[in-house]
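In this text the structure is predicted, and so the values were computed from the model without any measurement. Order of the sequence lines fixes the chain letters, A, B, ..., with proteins taken first and strands second; residue numbering starts at 1 for each chain.
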2 protein chains.
Amino acid sequence: MGRRSDHSREELRALILEEGHRQLSQVGFARFSAREVAKRIGYSIGTIYNVFGSYDALLLALNGRTLDLWLAFLEGRLAGCEEGRLDAAIEAYFDFALGHRHAWTALYDFRLPEGALPSEDYRGKVAAITAVIVREIAAVLPPDVCEEALPLARSLLASVHGHCFFALNGTFAMLGEGDPLAAAKARVADALARFGAR
Amino acid sequence: MGRRSDHSREELRALILEEGHRQLSQVGFARFSAREVAKRIGYSIGTIYNVFGSYDALLLALNGRTLDLWLAFLEGRLAGCEEGRLDAAIEAYFDFALGHRHAWTALYDFRLPEGALPSEDYRGKVAAITAVIVREIAAVLPPDVCEEALPLARSLLASVHGHCFFALNGTFAMLGEGDPLAAAKARVADALARFGAR
DNA sequence: TAAAAAATTAGACATTGTTCAATTGATCTG
DNA sequence: CAGATCAATTGAACAATGTCTAATTTTTTA
């Protein structure tokens with residue numbers, strides 16, 4: 001078959017991303033197959049290469065979509081939340097990861113070849129999620145140490161990530177930890193207490 | 001070719017593990033190939049399946065080897081270290097991961113099929129590393145809260161892991177964090193301060 | 001209407017994990 | 001020592017993957 005006009009380039013891109021994300025969410029990164037995605041949307045594998053250029057680019061786009069969903073989820077939880085916003089953010093971190101296990105895990109399972117940087121676009125999405133945490137931390141920090149909000153946010157993000165990661169990959173279960181979320185909150189509280197946060 | 005007596009079962013197992021670990025360390029989990037390992041030791045792929053039974057079992061054994069090395073590295077650093085032992089342990093955590101990037105990363109990239117548990121042996125190795133941290137935390141904790149050492153150790157392990165993970169996967173670089181190790185140490189100190197550790 | 005451009009496909013390629021019948025060497029038995 | 005038994009090793013076969021490219025077909029342009 002040759003050129004056909006079932007879908008515009010943009011529609012095709014959206015189609016692949018949608019089916020790809022469904023697939024990734026169902027089977028996980030290890031079993032994900034670009035060929036299978038092509039089959040499901042009724043196009044051939046070559047078309048995916050036309051649109052995305054490579055397997056890596058496709059996966060980066062899929063992970064980008066996950067980051068979009070994650071950010072929206074986070075902001076949704078925070079909207080209309082008066083107090084305990086930081087705890088709510090940590091809960092949202094966990095809940096998203098638990099609710100989108102495979103997609104969230106793929107964010108970290110997939111790695112670009114050594115030395116390759118993700119696109120500016122992708123980095124922006126990661127920065128956007130970080131910015132939410134920076135904002136929330138700045139809000140509870142005393143004014144005189146508020147320039148510490150960014151480094152602290154990066155560090156607390158890493159701490160929460162570690163807890164969430166261990167919760168999902170079974171390490172915590174192996175070690176008998178029953179409430180990873182509570183532990184993560186406690187560590188964040190520990191740090192904030194030291195900075196005299198309210 | 002049929003049966004040959006170049007190596008005993010145990011020697012063969014050691015041979016595969018050694019070459020496999022070399023391979024894993026060089027090319028990383030994503031590009032690791034059991035076939036390639038077989039080729040390099042001069043046996044056929046079937047032999048690896050005879051000895052390990054499956055690809056998953058082989059990888060679990062390789063990761064087990066990494067855990068052994070890691071534990072030895074940790075204890076080696078701690079031996080003869082009088083003060084600042086916890087900081088030394090965190091440094092060792094980072095240094096091992098940085099010095100064995102691919103092998104360390106494979107510990108988390110590789111996952112058993114859903115629901116499958118690692119062997120008792122493997123779980124023991126993870127527990128052994130945890131036990132070191134429990135011991136070191138218990139040593140600095142006031143006696144009246146020393147039953148908190150285990151949960152605290154699990155949680156701090158997760159925090160340090162998150163920092164180390166972000167340092168290696170590029171997240172910290174993306175966010176402008178220049179000293180992940182210092183950040184990890186600071187978070188651990190925050191938590192210990194709250195428990196009145198010395 | 002004819003020529004140029006673009007999109008889509010199908011197939012070839014090298015690799016992978018996995019399985020298994022056949023083979024070959026070692027070991028036991030009489 | 002010869003023959004039977006046993007166990008380890010192989011290599012080929014399979015299905016699947018990412019990747020690339022020549023051919024085909026449709027759309028657009030001249």
Report, one line per pair, each donor and acceptor closer than 3.5 Å where one atom sits in a side chain of residues 43-52 of chain A; sequence neighbours left out.
residue	atom	partner	partner atom	Å
A:Tyr43	OH	A:His7	ND1	3.0
A:Ser44	OG	A:Gly46	N	3.2

Contacts of B:Ala189 that satisfy side chain to side chain contact (heavy atoms under 4.5 Å, CB included) - sequence neighbours left out:
A:Arg194
Under 3.5 Å, side-chain donor or acceptor atoms of residues 123-132 of chain A against the rest of the protein: list the pairs with distances, not counting sequence neighbours.
residue	atom	partner	partner atom	Å
A:Arg123	NE	A:Pro118	O	3.2
A:Arg123	NH2	A:Glu120	OE1	3.3
A:Lys125	NZ	A:Asp68	OD1	2.9
A:Lys125	NZ	A:Asp68	OD2	2.8
A:Thr130	OG1	A:Val126	O	3.0

Please tell me whether A:Leu98 and A:Phe73 are part of a single hydrophobic cluster in this structure, the criterion being side-chain heavy atoms less than 4.5 Å apart.
yes
Tell me: OH of B:Tyr49 to P of D:dA13, nearest whole Å?
19 Å
Scan the side chains in residues 163-183 of chain B for donor-acceptor partners under 3.5 Å anywhere in the protein, sequence neighbours excluded, and list what turns up.
residue	atom	partner	partner atom	Å
B:His163	ND1	B:Ser159	O	2.8
B:His163	NE2	A:Ser155	O	3.3
B:His163	NE2	A:Ser155	OG	2.7
B:Asn169	OD1	B:Thr171	N	2.9
B:Asn169	OD1	B:Thr171	OG1	2.7
B:Asn169	ND2	B:Thr171	OG1	3.3
B:Glu177	OE1	A:Arg154	NE	3.3
B:Glu177	OE2	B:Asp179	N	2.9
B:Asp179	OD1	B:Ala182	N	3.1

Please, which pairs that meet salt bridge (Lys or Arg N to Asp or Glu O under 4.0 Å) have at least one residue in residues 41-60 of chain A, sequence neighbours excluded?
none
If the condition is side chain to side chain contact (heavy atoms under 4.5 Å, CB included), which residues does A:Cys146 pass it with, not counting sequence neighbours?
none
Where at least one partner belongs to residues 94-106 of chain A, residue pairs that pass salt bridge (Lys or Arg N to Asp or Glu O under 4.0 Å), sequence neighbours excluded:
A:Arg77-A:Asp95
Contacts to DNA chain D from residues 55-65 of chain A, heavy-atom cutoff under 4.0 Å, which residues?
A:Tyr55
Between the two end axes of the helix from C:dT1-D:dA30 to C:dG30-D:dC1, each built from 5 base pairs, what angle do you get to the nearest 10°?
20°
Return each pair, listed once, that meets salt bridge (Lys or Arg N to Asp or Glu O under 4.0 Å) where at least one residue sits in residues 27-51 of chain A; pairs must be two or more places apart or across chains.
A:Glu36-A:Arg40
Any salt bridge (Lys or Arg N to Asp or Glu O under 4.0 Å) pairs touching residues 103-115 of chain B, not counting sequence neighbours?
A:Asp109-B:Arg111, A:Arg111-B:Asp109
Can you list, in residue-number order, the parts of residues 13-38 of chain A that come under 4.0 Å of DNA chain C, counting heavy atoms only?
A:Arg35
